[in-house]
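Written out below as C-alpha cells is the structure these notes cover.
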2 protein chains.
Amino acid sequence: MTRQEERRAQTRAALLDAGAALFATRGIAGASVDAIAEAAGRTSGALYDHFGSKEGLLFALLESWVDAATAAVAAEQAAATSLDEWVAAMWRAVSDPPDGDGRWIALEHELWSYANQSDEARRYLARRYAAAWDAIDAVTGPWVEHPAEATRVGPAVIALLFGLEMMRRVDPDVVTDQLAVAALRGVLAGTAVPTT
Amino acid sequence: MTRQEERRAQTRAALLDAGAALFATRGIAGASVDAIAEAAGRTSGALYDHFGSKEGLLFALLESWVDAATAAVAAEQAAATSLDEWVAAMWRAVSDPPDGDGRWIALEHELWSYANQSDEARRYLARRYAAAWDAIDAVTGPWVEHPAEATRVGPAVIALLFGLEMMRRVDPDVVTDQLAVAALRGVLAGTAVPTT
DNA sequence: GTCGTTACATAACGAGCCCTATGTTGACCG
DNA sequence: CGGTCAACATAGGGCTCGTTATGTAACGAC
C-alpha cells in the first residue's frame with residue numbers, strides 16, 4: 001500500500017469513527033458535517049471526497065458495522081459453555097459494551113429513527129438485523145431446538161436485549177443484571193424448547 | 001369557558017397534535033416550527049405564544065402523554081379475563097395501535113433519542129416509564145406473583161414490547177403475532193411465578 | 001526531474017432554521 | 001359603545017447547515 005493509499009484509509013476510518021461518535025451523541029440531524037470532519041482531524045472537503053454527502057457517510061457507517069455486530073455475537077459463542085453463561089455474556093455485551101461508553105446503542109436508535117424516514121436506510125438495517133437474527137439462531141442451536149419458523153429465537157432475543165437497554169438508559173437502577181438474565185431465559189424458554 | 005378561552009384551547013390541542021405527527025415522521029430536529037404551526041392551521045407566532053420555544057412544545061407533549069399511555073394499559077385490564085388474553089391484547093395495542101398509524105412508536109423513539117442529549121427530557125421520560133411499569137405490575141397482579149424486587153415484571157414486559165415493535169418495523173414479516181405472544185409469555189414466566 | 005494526479009483544504013453560497021419585535025383583529029367589560 | 005387586552009399573524013434578523021467550486025501541496029510513474 002502506497003503512502004497515499006495508507007493516508008486515505010486512515011482518513012476514511014477517522015471519519016467513520018467520528019461520524020459514529022457524533023451521530024450517537026448529537027443525533028444524525030444534529031451532527032454537522034464540519035463538526036464530524038473536525039473531530040476526525042480533517043475538513044469537510046475530505047468528507048465529501050470520500051463519501052459524497054452526509055447520507056453517504058451514514059450508509060458507509062451502516063455497511064462497516066455488519067461485521068462488527070455479528071462478530072461480537074459469534075465471539076461470545078466460543079467462550080460460553082452453557083445456555084445460562086451465554087445469556088449472561090450476551091447481556092454483558094449489551095449493557096457494558098467493550099466499545100467503552102454505551103454510544104453504540106444511541107447510534108443504533110438514531111439509525112432506526114432515520115430508517116423511518118428513508119427506505120434505503122431501512123433496507124440497510126434489515127440486512128444487518130437479518131444477519132444478527134441468524135447468528136443468534138445458530139449460536140443457540142446446540143442448546144435449544146427451534147420449533148416452527150413462526151417463533152424464531154433470534155428476533156425475540158435481540159428485541160428484548162434492545163428493549164432492556166432502552167429501559168436501563170431511562171432508569172439505570174431498575175434493570176438489574178438479575179432481571180435481564182431472568183427475562184432473557186424466559187424468552188428463550190417461550191420461543192424454543194431445550195434439548196434435554 | 002369564553003369563546004377566547006375555547007379558541008385558545010383548540011389552538012393548543014392542534015399544535016400538540018401537529019407536533020406529535022411531525023416529530024414522529026420527520027424527527028424532532030427535522031420538524032420545523034413553521035411546518036408544525038402550518039399543520040395546525042396557525043403560524044409560528046401562535047406556537048411561541050403558547051409554548052415559548054420548540055423545546056417547550058416538546059415538554060408539553062411529554063406531559064400530555066402521561067395519562068394517555070397508562071390509561072391505555074389500564075383499559076386493557078378491564079377487558080381481559082386471562083393472562084393469555086391480556087398478553088395478546090397488549091401486543092395488539094402496540095403492533096396495531098388505536099392511534100391509527102404507528103406514529104406514536106416512532107415518536108417514542110424520537111423522545112428517547114432526545115433524552116440522550118437533554119437531562120430534562122430524560123427526567124420526563126423516567127417519570128412516564130415508571131408509571132407505565134407500575135401499571136403493568138398492578139395489572140398482572142391477579143395472575144402472577146411478583147417475587148423479589150430485583151425481577152420486576154413491568155420493565156421486562158415493556159422492554160420486550162418496544163423491542164419487538166422495533167424489529168417489526170425493520171422487517172414486518174419476522175415478528176408474527178405468534179412469536180410476540182410466545183415471547184411475552186416467556187418473559188412473564190421468567191420474571192414472575194403464576195398464582196396457583 | 002517533470003508532470004499529471006491524488007488527497008485533501010479553503011472559501012463562499014443559498015437555503016432553512018429558531019426566535020423576536022411588532023402589527024392586527026376580534027372578544028370581553030363597564 | 002368605546003377602550004383594553006388577549007390571541008394570534010407578519011416580517012425579518014441572525015445564525016447554522018449542506019453542498020460546491022476552486023486552490024494546493026504531496027505523491028508517484030516515467
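Given the structure is predicted, the values throughout are model-derived calculations rather than measurements. Here is the naming used below: chain letters follow the sequence lines, and residue numbers restart at 1 for every chain.
- In this structure, the CD atom of A/Gln4 is 7 Å from the C1' atom of D/dA26, given to the nearest Å.
- For A/Val33, the listed nucleotide lying nearest its side chain is D/dT19; candidates were D/dA7, D/dT19, C/dC19.
- Comparing B/Glu5 and B/Gly30 against DNA chain C, the residue whose closest nucleotide sits nearer the 5' end is B/Gly30.
- D/dT19 atom P lies 15 Å from atom CG of A/Asp49, rounded to whole Å.
- Within the structure, every side-chain polar atom (N or O) of A/Arg7 is placed at least 4.0 Å from both OP1 and OP2 of C/dA7.
- When each of A/Ser44 and B/Arg3 is assigned the nucleotide of DNA chain C with its nearest heavy atom, A/Ser44 is the one assigned upstream, toward the 5' end.
- The side chain of B/Arg42 approaches D/dA9 more closely than any other nucleotide in the set D/dA9, C/dA9, C/dA27.
- Using a 4.0 Å heavy-atom distance criterion, A/Thr43 is classed as a base contact.
- Nucleotide C/dA11 holds its P atom 13 Å from the CG atom of A/Asp34, rounded to whole Å.
- Contact check for A/Arg8 versus A/Gln4: no side-chain heavy atoms found under the 4.5 Å cut-off.
- As judged by a 4.0 angstrom heavy-atom cut-off over every strand, B/Ala37 is placed among residues making no nucleic acid contact.
- Counting all heavy atoms, side chain and backbone alike, B/Leu179 lies closest to A/Ala156 at CD1-CB, 4.0 Å.
- If you measure from atom CD of B/Glu6 to atom P of D/dA7, you get 13 Å, rounded to the nearest angstrom.
- B/Trp86 places a side-chain heavy atom less than 4.5 Å from the side chain of B/Leu188.
- With respect to the salt-bridge test (charged N to carboxylate O, under 4.0 angstrom), the residues A/Arg152 and A/Asp134 qualify.
- The pair A/Arg26-A/Glu110 does not meet the salt-bridge criterion, since no charged nitrogen lies less than 4.0 angstrom from a carboxylate oxygen.
- A sub-4.0 Å separation between OP1 or OP2 of D/dC8 and a side-chain N or O of B/Thr11 is present.
- Counting to the nearest Å, the P atom of D/dA7 and the CZ atom of B/Phe51 are 13 Å from each other.
- Rounded to whole angstrom, the span from the CD atom of A/Glu38 across to the C1' atom of C/dT10 amounts to 15 Å.
- The distance from atom CZ of A/Arg26 to atom P of D/dG18 is 11 Å, rounded to the nearest whole Å.
- OP1 or OP2 of C/dG16 has not a single side-chain nitrogen or oxygen of B/Ser32 nearer than 4.0 Å.
- Taking 4.0 angstrom as the limit, B/His50 places none of its side-chain polar atoms (N or O) nearer than this to OP1 or OP2 of D/dA7.
- Residue A/Arg8 contributes atom CZ, which lies 6 Å from atom P of C/dC8 at whole-angstrom precision.
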